[in-house]
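So you know, we letter chains A, B, ... as the sequences are listed, proteins then strands, and number each from 1.
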Amino acid sequence: MSAHPDTFPAAPLRKLSRSFYDRGTVLVAQELLGTHLVRVEDGIERIGRIVEVEAYLGPHDLAAHSAKGVTARNRTMFGPPGHAYVYMIYGMHFCMNVVTEGAGHGSAVLLRALEPVRNIVGRTQGPGLLCKAMHIDRRLDGHDLLSDDLFIAPPEATVPRLRIARAKRIGVDYAGPWSQRLLRFYVKGSAFVSRR
DNA sequence: CTCCGGATTCGT
DNA sequence: CGAATCCGGAGT
């Protein structure tokens with residue numbers, strides 16, 4: 001066998017800490033850009049670099065699922081930070097969020113697009129496509145993001161503020177004034193952002 | 001119990 | 001621009 005370094009077991013990827021998620025949702029959203037979403041299933045490690053997210057700011061945010069208070073669907077959103085909130089939409093797609101701030105807050109960051117890094121089949125631009133490519137479904141709702149099969153690893157290099165674009169969130173026109181807030185963040189110039 | 005619509009995607 | 005497709009939330 002070759003003596004190439006690749007024949008050694010890979011060092012375990014570092015994980016973002018609980019305290020990373022337990023901060024202001026807008027800040028967490030911006031700092032998630034450039035990080036790596038990691039999904040391990042049947043020994044296969046799929047990795048995508050997060051390039052587009054949206055912040056949902058708790059029950060007073062009329063675009064957020066938490067605006068209706070705690071329900072069967074959104075209870076994960078009201079749980080502790082650093083967990084995955086995964087729900088089904090339009091009867092056929094899944095969307096993944098990262099729960100932020102303290103338990104009871106009802107805030108989260110929606111993951112909207114990835115740049116494929118490793119073992120990605122299919123497109124990853126758009127929340128539904130992202131979940132499909134990463135094999136993420138409702139069974140992962142409430143899953144701890146400090147686990148070994150679903151977590152987020154730090155960025156290779158922090159995305160500079162100048163490289164981050166702000167825009168209105170997509171698909172929330174029903175939310176009145178909240179639909180106008182610039183709570184969508186993406187890496188400027190990335191070819192993997194869902195819409196431009 | 002019924003009814004409605006959605007943090008989407010795809011094909012026309 | 002409309003269909004797909006199903007579940008949760010709201011109303012009767």
Problem set entry | Distance in angstrom units between A:Lys168 NZ and B:dA7 P, rounded | 18 Å

Exercise. Would A:Arg18 and A:Asp144 count as a salt bridge (Lys or Arg N to Asp or Glu O under 4.0 Å) if you check the C-alpha gap in whole Å, the side-chain angles of each, and the deciding distance to 0.1 Å?
Worked result: CA-CA 10 Å; A:Arg18 187 82 58 204; A:Asp144 190 352; 3.0 Å; yes

Exercise. Within 45 degrees of the axis of the six-membered ring of A:Tyr56 and under 6.0 Å from its centre: does A:Arg169 put its NZ or CZ there?
Worked result: yes

Exercise. If you look at every strand shown and take non-hydrogen atoms under 4.0 Å, does A:Ala72 touch a base, only sugar-phosphate, or nothing?
Worked result: sugar-phosphate

Exercise. Between C:dC7 atom P and A:Arg138 atom CZ, what is the distance in whole Å?
Worked result: 10 Å

Problem set entry | A:Leu110 CG to B:dT8 C1', straight-line distance once rounded to whole Å | 11 Å

Exercise. Given the rule in the side chain to side chain contact (heavy atoms under 4.5 Å, CB included) test, do A:Ile152 and A:Phe20 qualify, once you have shown the distances and angles that lead to the verdict?
Worked result: CA-CA 11 Å; A:Ile152 301 179; A:Phe20 175 92; over 6 Å; no

Problem set entry | Contact summary for A:Ser194 and A:Ile170, nearest pair of heavy atoms | OG-CD1, 4.3 Å

Exercise. For A:Arg169, which contact category applies under a 4.0 Å heavy-atom criterion: base, sugar-phosphate, or nothing?
Worked result: nothing

Exercise. Which whole-number value in Å describes the distance from A:Phe94 CZ to C:dT5 P?
Worked result: 14 Å

Exercise. According to a 3.5 Å limit on both distances, what stems of 3 or more consecutive Watson-Crick or G-U pairs are formed with DNA chain B?
Worked result: B:1-6 with C:6-11, B:8-11 with C:1-4

Got a list of protein N/O to nucleotides 9-12 of chain B N/O distances below 3.5 Å?
unit_1 : atom_1 : unit_2   : atom_2 : d
B:dT9  : OP1    : A:Gly126 : O      : 3.4
B:dT9  : OP1    : A:Pro127 : N      : 3.3
B:dT9  : OP1    : A:Gly128 : N      : 2.7
B:dT9  : OP1    : A:Leu129 : N      : 3.0
B:dT9  : O4'    : A:His93  : NE2    : 3.3
B:dC10 : OP1    : A:Arg123 : NH2    : 3.0
B:dC10 : OP2    : A:Arg123 : NH2    : 2.7

Exercise. How long is the line joining NZ of A:Lys68 and P of B:dG6, in whole Å?
Worked result: 9 Å

For this session: May I have the distance from A:Asp173 (atom CG) to B:dT8 (atom P), rounded to whole angstrom?
Result: 10 Å

For this session: Could you point out which residue of A:Val86, A:Leu110, A:Ile136 forms a side-chain contact (heavy atoms from CB on, under 4.5 Å) with A:Cys95?
Result: A:Leu110

Exercise. In this structure, which one of A:Val98, A:Leu32, A:Leu146 forms a side-chain contact (heavy atoms from CB on, under 4.5 Å) with A:Leu16?
Worked result: A:Leu32

Problem set entry | Other residues, nucleotides, ligands: >12 heavy atoms within 6.0 Å of A:Arg166 CZ | yes

For this session: Can you sort out which residues in residues 76-90 of chain A have a heavy atom within less than 4.0 Å of DNA chain B? Ascending by number, please.
Result: A:Met77, A:Tyr87, A:Ile89, A:Tyr90

For this session: Kindly compute the distance separating CZ (A:Phe192) from CZ (A:Arg49), expressed to the nearest 0.5 Å.
Result: 10.0 Å

For this session: Please say whether more than 12 non-hydrogen atoms of neighbouring residues, nucleotides or ligands are located less than 6.0 Å from CZ in A:Arg75.
Result: no

Problem set entry | side-chain contact (heavy atoms from CB on, under 4.5 Å) partner of A:Leu150, the single match among A:Leu37, A:Val40, A:Val38 | A:Leu37

Problem set entry | d(CD1, A:Ile170; C1', B:dG6) in whole Å | 15 Å

Exercise. Between A:Lys15 and A:Asp148, is the closest basic N to carboxylate O distance under 4.0 Å?
Worked result: yes

Problem set entry | Nucleotide B:dG6, atom C1' - distance to NE2 of A:His65 in whole Å | 7 Å

